[in-house]
Amino acid sequence: MARGGLCRAVGVFRLCRTSWTRFYSQTEPEPLTLRQQSGGIRRITLNNPRKRNALSLSMLESLRENILTDVHSDDLRVIIISDIPVPVIAMVNGVATAAGCQLVASCDVAVATQKSTFATPGVNVGLFCSTPAVAIGRAVPRKVAMEMLLTGTPISAHDALLHGLISKVVPEEQLEEETMAIARRVCQASRPVVALGKATFQRQMAQGRDAAYATASKVMVDNLALRDGQEGIRAFIEKRKPVWSHKVDKAHD
């Protein structure tokens, strides 16, 4: 879903009915997704509640457009939504089924309300959720994934938290605050350092332990060579707050 290069945002993907207000002419259809950006954080909200925000091809194309628009802008630091080089946060308030559940499983962080549920119900209508199973099977224990896939029975937000499908469960009235707090914390870090770390984490997770340590050790050296890596060390020694360049340049000798 992402172009080459480094994205400059933390994403927040919102699986809930939008509270934003927009005005349209009688002939202008409502967009399938809404995009709002402020303080380095881009928020993307699914906006087709009449069809339960189903991840149709049109919805996915709309998501892709909102993710990639001005992705290289210095003003973009975090996206609150699916798997791109910058951290992506799912904000869930309701039912996430099939591809929606897959999208949550694909995000780096997921915050959900207590009333949220997660399911892969395809088996009940004769279409096994094989594609969602790829992400879900990598997010939760195998036997939990198989029970979800074989029965289609929804699991609660608390069970989703217990099994690792989501990161945090909060009361509905705290969803916005908790999600944005995580996004703002990510924005305080260096963009290239975060992007390098995320890519390395994903790569080493697919490797055996020895290969993973070799990969991570090499990247630690690459990280230290970055301009922001050097700035972080200097700031620590000088007991001050680092001033990030957010550039992928290596430090000069």
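Nothing here was measured: the structure is a model prediction, and the numbers come from that model.
The OG atom of Ser62 lies 9.5 Å from the CD1 atom of Ile67; values are rounded to the nearest 0.5 Å. Atom CD in Glu177 sits 11.0 Å away from atom CD1 in Ile182 (nearest 0.5 Å). To the nearest 0.5 Å, atom CD of residue Glu176 and atom CE of residue Met180 are 6.5 Å apart.
Judged by distance alone, with hydrogens and angles left aside, the side-chain atoms of Arg35 form no donor-acceptor pair with the main-chain N or O of Thr45 at under 3.5 Å. Proximity of a side-chain donor or acceptor of Asp228 to a complementary backbone N or O of Ser190 within less than 3.5 Å is not detected. A side-chain donor-acceptor contact under 3.5 Å links His246 to the backbone of Arg191. Between the side chain of Gln114 and the backbone N or O of Glu172 there is no donor-acceptor pair closer than 3.5 Å. The main-chain N or O of Ala112 is never found under 3.5 Å from a side-chain atom of Ser116 such that the two would form a donor-acceptor pair. The backbone N or O of Cys129 sits nowhere less than 3.5 Å from a side-chain atom of Thr120 that would complete a donor-acceptor pair.
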| task | Apply the test side chain to side chain donor-acceptor pair (under 3.5 Å) to residues Thr131 and Gln102: give CA-CA distance (whole Å), side-chain angles for both, the deciding distance (0.1 Å), then the verdict. | result | CA-CA 8 Å; Thr131 306; Gln102 173 188 353; 5.7 Å; no

| task | Show the numbers, then the answer: is there a side chain to side chain donor-acceptor pair (under 3.5 Å) between Asn47 and Thr33? | result | CA-CA 5 Å; Asn47 188 45; Thr33 58; over 6 Å; no

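Dense packing is recorded around CZ of Arg240, with more than 12 heavy atoms of other residues, nucleotides or ligands lying under 6.0 Å away. Within 6.0 Å of CZ in Arg234 there are more than 12 heavy atoms belonging to other residues, nucleotides or ligands.
Met146 shares a hydrophobic cluster with Val123, Phe128, Leu149, Leu150; the chain of contacts runs through ILVMFWY side chains whose heavy atoms sit under 4.5 Å apart. With a 4.5 Å cut-off between side-chain heavy atoms of Ile, Leu, Val, Met, Phe, Trp and Tyr, the cluster of Leu127 takes in none.
A salt bridge does not link Glu231 with Lys247: none of the charged nitrogens is closer than 4.0 Å to a carboxylate oxygen.
For the residue pair Asn93 / Thr113, a side-chain donor-acceptor distance below 3.5 Å is found, with atom types taken as modelled.
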